[in-house]
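Everything below concerns the one structure shown next.
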Amino acid sequence: MSELETLKKKLAEQAAAAGLLDVSYRLLDTPVGSLLLAATDAGVVRVAFAREDFDTVLGSLAEKIGVRILQRPAPLDAAARQLDEYFAHQRTSFELTLDHRLSSGYRLEVQLALPSIGYGQTMSYRQIAELTGRPAAVRAVGTACATNPLPIVVPCHRVLRSDGTLGGYLGGEDTKKVLLEFEQDLT
Amino acid sequence: MTTNPAFEVVVREHGGAVLRMCTALLGPGPDAQDAWSETFLAALRAYPRLEVGANLQAWLVTIARHKSIDVLRAKHPVPMEQLPEVPFALPEGLDSAGLLDLFDALNGLTELQRKVIGYHYLLGFAYAEIPQFLAGSAASLRRAAADGIKALRLAHSDVEEQS
C-alpha cells in the first residue's frame, strides 16, 4: 500500500471515530460489474451500478446527505458479504439494516413492498400497484422501481411489465436480465 | 452545482500535492504524515461550511501551512513572540501552486534549500527565525534560499521555453 493510501485509510478511521462522516462507502466486484455500496450511521443507504458513474453517485450523496464522504469499507462488510453470498447462490434474501432516507412517499411504500417478492419470482408493475392499495398507480410503481436507491438488496429487478417485457432498470436492462436468469438457475 | 464535491474526491485530487508540500517542508516520514493527517482532519471538520466552488487547493495549502508550523513548533518548543503572518511575497513569476510544482520537479535542490525556501516563502518565517529549526545562521540560510530560488527560476524558465 502506498504512503498516500495508508494515510487515506487512517484519515477515514480517525474521521469516523470523531463522528465526522456523513457517508462511508466501498466498492465491490460482482458478476454484474463493480458496485458502490454506501452507508450512513443508520444503515445501507445506496447501492449503485458502475454505469451510473460513481463520481456522479458520490456527488448526489453529497448533495442529498452531506459532503463528508470517505471510502471506508468496515460499515459495509456485512452488505458486501451478503452480496457475495447472493452471487454465489448461497443467499436468497438480505438481512441488512437499511437507511431509506433517499426515498419518500409512495415511492418508499413501493420499495418497502418489493422484498415480499421472493427470490426467483416476479410480479408486474400492476400487481405491485394493487399490492400497495393503489391499483391505478402503475406508472408511479414504474418510477419507484426505476429510482430505487438500493437495487439488488431491494429487489426491483423482480418487477416486470404486464406483457412480460423487462421494463427499465438503473443497472441497465441487460443487468436486470442477468439477475433474473441468475435467480432462475437455482430453482 | 449546489454543494462542493464529496470529500473523498477532494482527498483524491489534492492529497498527493499536500503530501508533497508537507514532505518538502518537514522531510519524508512521520512529521510530514502527521501534518497531512491533521490537515485533512481539520479540512473535513470545516468542509460543510466551505463556500461552494471555493478554490480547494488554495484552501488546503493554507491549512497545511498552519499544520506544518504546528509540527515544527512541537519539535522545536522554543518560545516565539510572534506567529508568522501572511506568507512572504513569492519570487516574481511564481505562485504557491507553481512553487509546489517546482518542488516536485526539482531533485536538484538540496534538502536545506528546499526547507529554507519552504519555511520562508510558504510558512512565512523571517530568515532570522529559521535558525531555531535548521542549523545555520540567518545569513547562511538566506544564501541557501537564494541559491535554491536561482535553481527554481532556471527550471521554471526551461519549462516556459518548452511550452
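Below, read A as the first sequence line, B as the second, and so on, with proteins coming before strands; counting in each chain starts at 1. Everything numeric in this text was worked out from a predicted model, so none of it was measured. Computation of the quantities below employed the complete heavy-atom set of this structure, encompassing side-chain atoms and omitting hydrogens, waters and symmetry-equivalent molecules.
Interatomic distance, B/K67 NZ to B/L60 CG, rounded to the nearest 0.5 Å: 12.5 Å.
Contact check for B/L123 versus B/L25: side-chain heavy atoms found under the 4.5 Å cut-off. Side-chain atoms of A/Q111 and A/T147, non-hydrogen and from C-beta on, do get closer than 4.5 Å to each other. Under the 4.5 Å side-chain criterion, counting only non-hydrogen atoms from C-beta, B/L141 is not in contact with B/F133. Side-chain contact check for A/R46 versus A/E52: some heavy-atom pair is nearer than 4.5 Å.
Scanning residues 39-49 of chain B against chain A with a 4.5 Å heavy-atom cutoff picks out B/F40, B/L41, B/L44, B/R45, B/Y47, B/P48, ordered by number.
Residue contact with chain B, scored on non-hydrogen atoms closer than 4.5 Å, is absent for A/D22. When heavy atoms are compared at a cutoff of 4.5 Å, A/L61 does not approach chain B at all. No part of A/A12 comes within reach of chain B, as not one of its non-hydrogen atoms sits under 4.5 angstrom from that chain. For A/K10, the part sitting under 4.5 Å from any heavy atom of chain B is the side chain, from C-beta outward, and nothing else.
Residue with the most contacts toward chain A among B/G16, B/A6, B/G15: B/A6 (heavy-atom pairs, distance under 4.5 Å).
Listed here is the closest heavy atom pair of A/R91 and A/E95: NH1-OE2, 3.2 Å. Taking all atoms of both residues into account, the shortest heavy-atom contact from B/P5 to B/L56 is CG-CD1, 4.3 Å.
Sorted by first then second residue, the ring pair (Phe, Tyr, Trp, His ring centres under 6.0 Å) pairs that include residues 12-65 of chain A, not counting sequence neighbours, are A/F49-A/Y169.
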